[in-house]
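FYI, side chains are in, hydrogens and waters are out, and symmetry mates aren't considered; it's all heavy atoms of this structure. Ligands are counted one by one from 1 in listed order, and the atoms in each one are counted from 1 as well.
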Amino acid sequence: MITFNEINEQPSKFAKVSEKYFDLSKSIVNFLKETDPSEINFVGCGSSYNLAMGLSFQLNRLGNEKIPSKYFSGSEVAFQLRKFDENSVLVGLSRSGETTETVQALKRVKDEFGVKTLAISCEPESSLTKVADVSVVLDFVNEKSVVMTQSFTSMAFFTSALIRDLVEPDRSSLERYLRSIPNNATDVLKNTERLLEKIDVESYDHFVFLGYDEYFASSLEGVTKVTETSLSEVEAFQTLEYRHGPKSKVSEKTLACVLSNHLLHSEEEKMAHEIANLGGTVINISKKEMKGVQNLVIPYNSDDFGDWFLKVIPLQIFGVKKAIKKGLDPDNPKNLTRVVKL
Ligand code: F1P
């Protein structure tokens, strides 16, 4: 089971990101310090679009909007829906570095707006790295699966660390972040295993992932994973948006995961109880537990949403478990190819 193994390898891949971070990031940090961009924007497709969203929220949050950041899908940029400030930087995110829309996006902003471009990929010598002014390649992440798991989280971890490097003068918080995430990931896998002993995730047919900001990006990535692997009914919303209509579908077959944050914890807890009262099963995926529902603790000890991609790991596992139960092969997802070339 390639996909399942790659999910379980995430802590060791994160350890490699930590170990190699300062060497890998040198060129990009120097480039960004020299260019002092008006904005740092992110672009990607599929899982890499969800990655772009999460990273953009992180940069706006940690940078206190000092360096404004937006996120785009490859198609929005490649097919001329968007304009760019010539002093901005666009970061292309792509495991393969060959997704046509993402490569086209970087080419277009360079040619049409004179925008500087960066690439973060897992493939050395890929087209995206050839277009970008500066690239980082996590060449120790060589995922064989079609479905992105460790590539998504490893690029998320590396770039979330890079954001801290750029906006936080005090290097100790970056070093603390680099040290804690690999251990946190080990605990997340363990806590997920423990939860699976209590909840039969395979018995649900309707999955709902709820969260805000970076955790909404994590929820969307959960939708991508559970869709690609298990072809199940799955949807994502901002947590409290769920009561404005979508909750009509809650039944005993519903498994809702609330990727809660410390700012709205009590409100998100009320939403969780509303879903439980309608017959759904609820899991709170967070550092802080909720009463009356199942909890999957993410032992990350900061309130800066820096654990956002760790919250995707349980959702990756739920998708694979559900796929196997349905007799599907997560390593060969229906209708999908590893890279989308137009
Ligand atoms: C982007 C992507 C994947 C998806 C599938 C097709 O790939 O959309 O997110 O799971 O593999 O390609 P990439 O640009 O990150 O290589």
Nearest-neighbour protein heavy atom for atom 15 (O) of ligand 1, which is reported as residue plus atom name and distance: Ser48 OG, 2.6 Å
Test item, Glu228 contacting ligand 1 (heavy atom, 4.0 angstrom): yes
Proximity flag Val146 to ligand 1, non-hydrogen atoms under 4.0 Å: yes
Lys13 atom NZ, neighbour heavy-atom count above 12 within 6.0 Å: yes
Shortest protein heavy-atom distance from atom 9 (O) of ligand 1, along with the residue and atom involved: Ser47 N, 2.9 Å
Numbered atoms of ligand 1 (with element) below 4.0 Å of Gly46, judged on heavy atoms: 8 (O), 9 (O)
Any donor-acceptor pair under 3.5 Å from Ser88 side chain to Ile40 backbone: no
For Asp205, the option from Lys326, Lys325, Lys322 that meets salt bridge (charged side-chain N to carboxylate O under 4.0 Å, His left out): Lys322
Distance-only N or O hit between ligand 1 and Thr99, under 3.5 Å: yes
Whether over 12 other heavy atoms sit under 6.0 Å from Glu86 CD: no
Aromatic ring pairing Tyr71/Phe57, orientation class (parallel under 30°, perpendicular over 60°, tilted between): tilted
Distance flag, aromatic centroids of Tyr177 and Phe157, threshold under 6.0 Å: yes
Taking atom 12 (O) of ligand 1 as the reference point, the nearest protein heavy atom with its distance: Arg338 O, 3.6 Å
Nearest protein heavy atom with distance in Å, relative to atom 3 (C) of ligand 1: Met148 SD, 3.5 Å
Heavy atom of Thr337, distance to ligand 1 below 4.0 Å: yes
Short side-chain donor-acceptor distance under 3.5 Å, Glu168 and Ser173: yes
Minimum-distance protein heavy atom relative to atom 1 (C) of ligand 1: Cys45 O, 3.3 Å
Flag if over 12 foreign heavy atoms under 6.0 Å of NZ, Lys16: no
Interfacing atoms of ligand 1 (cut-off 4.0 Å, heavy-atom, Arg95): 11 (O), 13 (P), 15 (O), 16 (O)
